[in-house]
J.: 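Quick one: the structure is below, questions incoming.
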Amino acid sequence: MLIDLHTHSNISDGTESPADLMMAAAGAGVDVLALTDHDQTTGWEQARAAAQRLGIGFVPGMEITCHSRQGISVHLLSYLHNPHYQPLLDELKVTRTARESRAQRIVGLLSEDFPISWELVQEHTQPGSTVGRPHIADALVSAGVVINRDEAFASMLSARSRYYVSHPAVNPVDAVRLVREAGGVPVFAHPMASARGRVVPPEDFEELIEAGLAGVEIHHRDNSAAGRRFLSGLAERHDLIVTGSSDYHGSGKPNRLGENSTDPVMLQRIVSEGTGSFASM
Ligand code: AMP
Ligand code: FE
Ligand code: FE
Ligand code: ZN
């Protein structure tokens, strides 16, 4: 069983529609796929219909952008939550609005030195999708400034760049609580992705677990080896769900569908804990 529980479509910063993503997953031999776009779930319906047509399993999910009190970036995966739970929707709306004005500010700064504009970024963003630096990267590629997203993230879009602007987002402890209230299963995405920047210190995991954190994504290409060992010990001590996933973004990243997989026993635990929406398998 090839079970991939973390992927993006063009509802956020992936490059394929939810239906095309499902088609690519079926082609890659994936048996069960979760769609986890950043901060919204409008791709679920299209993904579910495509999965049913293709005969593969579908798990509805989302990846919530969070910032810890110390300003550390945290991504929280949510599976099977109620997509209409208003308190969670309110937080997501705040984040998406902040993302939009922050992206405009980054583009404003970049436009002083490079031939890009907000209009050009919008040409590379599906209407209604969660906007992020990857869309700005696509505009920079089309303007001939860089050759791909990776080059943009290594230079002008890096968090250390002088063009970088941050944005407010929900605290991860609050996000864990909201996901649980919405009947969802909260799983910490790539918790030890140290190459992306500062990671949450070991002592802070306890607070997340007390708030209701269900699992940790251990098998992800961005987690360091030492980080994975720490996470395995933590999962064992607290009986956490362990997942493995690709974090596929279409042609926007080198990550390949099914490059990491989740054990069927762990998927079973997610499905039995999630009560806010349903998996089709
Ligand atoms: P943002 O959410 O706007 O801060 O941008 C972060 C997003 O950019 C993450 O969700 C990643 O998927 C994506 N990203 C980060 N680094 C890279 C990279 N080197 N190449 C392509 N996409 C990246
Ligand atoms: Fe992304
Ligand atoms: Fe992420
Ligand atoms: Zn992701």
Side-chain angles (χ1 to χ4, degrees), residues 4-28 30 32-54 56-66 75-85 88-104 118 121-139 149 167 169-170 175 178-179 182 184-187 189-190 217 245-253 255 257 274 276-280:
D4 190 341
L5 297 182
H6 183 169
T7 68
H8 297 265
S9 74
N10 62 7
I11 296 298
S12 62
D13 54 359
T15 57
E16 295 155 334
S17 69
D20 286 348
L21 164 65
M22 284 298 159
M23 213 114 77
V30 172
V32 179
L33 193 91
L35 175 66
T36 54
D37 276 311
H38 297 286
D39 306 314
Q40 67 177 332
T41 61
T42 45
W44 285 8
E45 223 171 298
Q46 193 190 125
R48 187 191 300 280
Q52 266 157 4
R53 256 190 336 266
L54 295 158
I56 65 173
F58 171 66
V59 179
M62 173 168 69
E63 185 175 22
I64 305 174
T65 309
C66 311
H75 285 178
L76 185 72
L77 293 160
S78 170
Y79 298 108
L80 297 160
H81 66 273
N82 173 3
H84 308 296
Y85 181 62
L88 180 55
L89 284 176
D90 291 344
E91 280 294 349
L92 296 169
K93 182 78 193 152
V94 169
T95 300
R96 290 205 311 275
T97 306
R99 275 178 162 287
E100 178 125 359
S101 41
R102 169 263 198 158
Q104 287 175 0
W118 183 239
V121 173
Q122 281 178 305
E123 279 174 34
H124 293 273
T125 314
Q126 278 296 111
S129 98
T130 303
V131 70
R133 282 178 286 164
H135 302 101
I136 303 174
D138 291 347
R149 286 185 178 183
H167 65 84
V170 61
L178 285 166
V179 167
V185 185
V187 173
H190 45 72
E217 185 184 55
S245 316
S246 66
D247 205 355
Y248 177 77
H249 281 69
S251 59
K253 273 186 166 184
N255 308 36
L257 281 163
S277 54
F278 66 95
S280 31

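In this chain, numbering begins with 1 at the start of the sequence shown.
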J.: Can you tell me which residue among Arg99, Lys93, Arg96 is in a side-chain hydrogen bond (donor to acceptor under 3.5 Å, both in side chains) with Asp39?
T.: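 The side-chain hydrogen bond (donor to acceptor under 3.5 Å, both in side chains) with Asp39 is passed solely by Arg99 among Arg99, Lys93, Arg96.
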J.: Measure the shortest side-chain to side-chain distance between Ile64 and Leu92 over non-hydrogen atoms and say whether it is less than 4.5 angstrom.
T.: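 Yes. Closest side-chain heavy atoms under 4.5 Å.
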J.: Evaluate ring pair (Phe, Tyr, Trp, His ring centres under 6.0 Å) for His8 paired with His249, printing each intermediate quantity in order.
T.: CA-CA 5 Å; His8 297 265; His249 281 69; 4.0 Å; yes
J.: Look up atom CD in Gln104 and atom CH2 in Trp118, then write down how far apart they are to the nearest 0.5 Å.
T.: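 So the gap between those two atoms works out to 4.5 Å.
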J.: Kindly give the heavy-atom pair with the smallest separation between Ala103 and Ile136, and that separation in Å.
T.: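 Taking every non-hydrogen atom into account, O-CD1, 4.0 Å.
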J.: Measuring only between side-chain heavy atoms, which start at C-beta, is Thr130 closer than 4.5 Å to Asp37?
T.: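 A side-chain contact under 4.5 Å is absent here.
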J.: Looking only at heavy atoms, which two atoms of Pro134 and Asp13 are closest? And how far apart?
T.: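 Nearest heavy atoms, Pro134 then Asp13: CG-OD2, 3.4 Å.
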J.: Which atoms form the tightest heavy-atom contact between Ser129 and His135, and what is the distance?
T.: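 Scanning both residues completely, I find the closest heavy atoms to be OG-NE2, 4.0 Å.
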J.: Please lay out, stage by stage, how His84 and Trp44 fare under the test ring pair (Phe, Tyr, Trp, His ring centres under 6.0 Å).
T.: CA-CA 13 Å; His84 308 296; Trp44 285 8; 8.7 Å; no
J.: To the nearest 0.5 Å, what is the distance between CG (Asp247) and CG (Leu77)?
T.: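 If I round to the nearest 0.5 Å, the distance is 8.0 Å.
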J.: I want to check something: taking the side chain as every heavy atom from C-beta on, are Thr36 and Pro60 in contact at a cut-off of under 4.5 Å?
T.: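 Result no, sub-4.5 Å side-chain heavy-atom pair not found.
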J.: Quick one, Gln46 with Ser9, criterion side chain to side chain contact (heavy atoms under 4.5 Å, CB included). Give me CA distance, side-chain angles, the key distance, then yes/no.
T.: CA-CA 11 Å; Gln46 193 190 125; Ser9 74; over 6 Å; no
J.: How many angstroms lie between atom CD of Glu63 and atom OG of Ser245, to the nearest 0.5 angstrom?
T.: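 OG of Ser245 is found 10.0 Å from CD of Glu63.
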J.: Restricting to non-hydrogen atoms, name the atom on Leu80 and the atom on Phe278 that form the minimum distance, rounded to 0.1 Å.
T.: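 Looks like CD2-C, 3.6 Å.
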J.: Checking Met62 against Leu88 for the side chain to side chain contact (heavy atoms under 4.5 Å, CB included) test, could you report, in this order, the C-alpha distance in whole Å, the side-chain angles of both residues, the deciding distance, and whether it holds?
T.: CA-CA 12 Å; Met62 173 168 69; Leu88 180 55; 4.2 Å; yes
J.: CG/Leu33 to CG/Leu5 distance, rounded to the nearest 0.5 angstrom?
T.: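 With rounding to 0.5 Å, CG (Leu33) is 8.0 Å from CG (Leu5).
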J.: Quick one, His167 and Thr95 - any side-chain contact, counting heavy atoms below 4.5 Å?
T.: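 The answer is yes; the side chains approach within 4.5 Å.
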J.: Quick one: does any side-chain atom of Ser78 pair with a main-chain N or O of Pro186 as donor and acceptor, under 3.5 Å?
T.: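 A pair under 3.5 Å: no.
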J.: Rounded to the nearest 0.5 Å, what separation is found between the OH atom of Tyr248 and the CG atom of Leu35?
T.: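 Going from the OH atom of Tyr248 to the CG atom of Leu35 covers 12.0 Å.
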J.: With salt bridge (charged side-chain N to carboxylate O under 4.0 Å, His left out) as the rule and sequence neighbours excluded, what pairs involving residues 124-138 come up?
T.: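 Qualifying pairs, neighbours excluded: Asp138-Arg149.
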J.: Is Tyr79 reaching over with its side chain to a backbone N or O of Ala34, donor-acceptor style, under 3.5 angstrom?
T.: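 Between the backbone of Ala34 and the side chain of Tyr79 there is no qualifying donor-acceptor contact (under 3.5 Å).
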J.: Of all heavy-atom pairs between Ala50 and Met22, which one has the smallest distance, and what is that distance?
T.: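 For Ala50 versus Met22, the nearest heavy atoms are CB-CB, 3.8 Å.
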J.: Indicate the atoms forming the closest heavy-atom contact of His6 with Glu217, along with that distance.
T.: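 Here His6 and Glu217 meet closest at ND1-OE2, 2.8 Å.
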J.: Is any side-chain heavy atom of Val179 closer than 4.5 Å to a side-chain heavy atom of Leu76?
T.: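 Yes, side chains in contact.
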J.: Side chains of Ser246 and Thr7, heavy atoms from C-beta outward: is any pair under 4.5 Å?
T.: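 Yes - at least one pair of side-chain heavy atoms lies under 4.5 Å apart.
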J.: Please assess Leu21 against Leu257 for the test side chain to side chain contact (heavy atoms under 4.5 Å, CB included), listing each intermediate value before the final yes or no.
T.: CA-CA 9 Å; Leu21 164 65; Leu257 281 163; 4.2 Å; yes
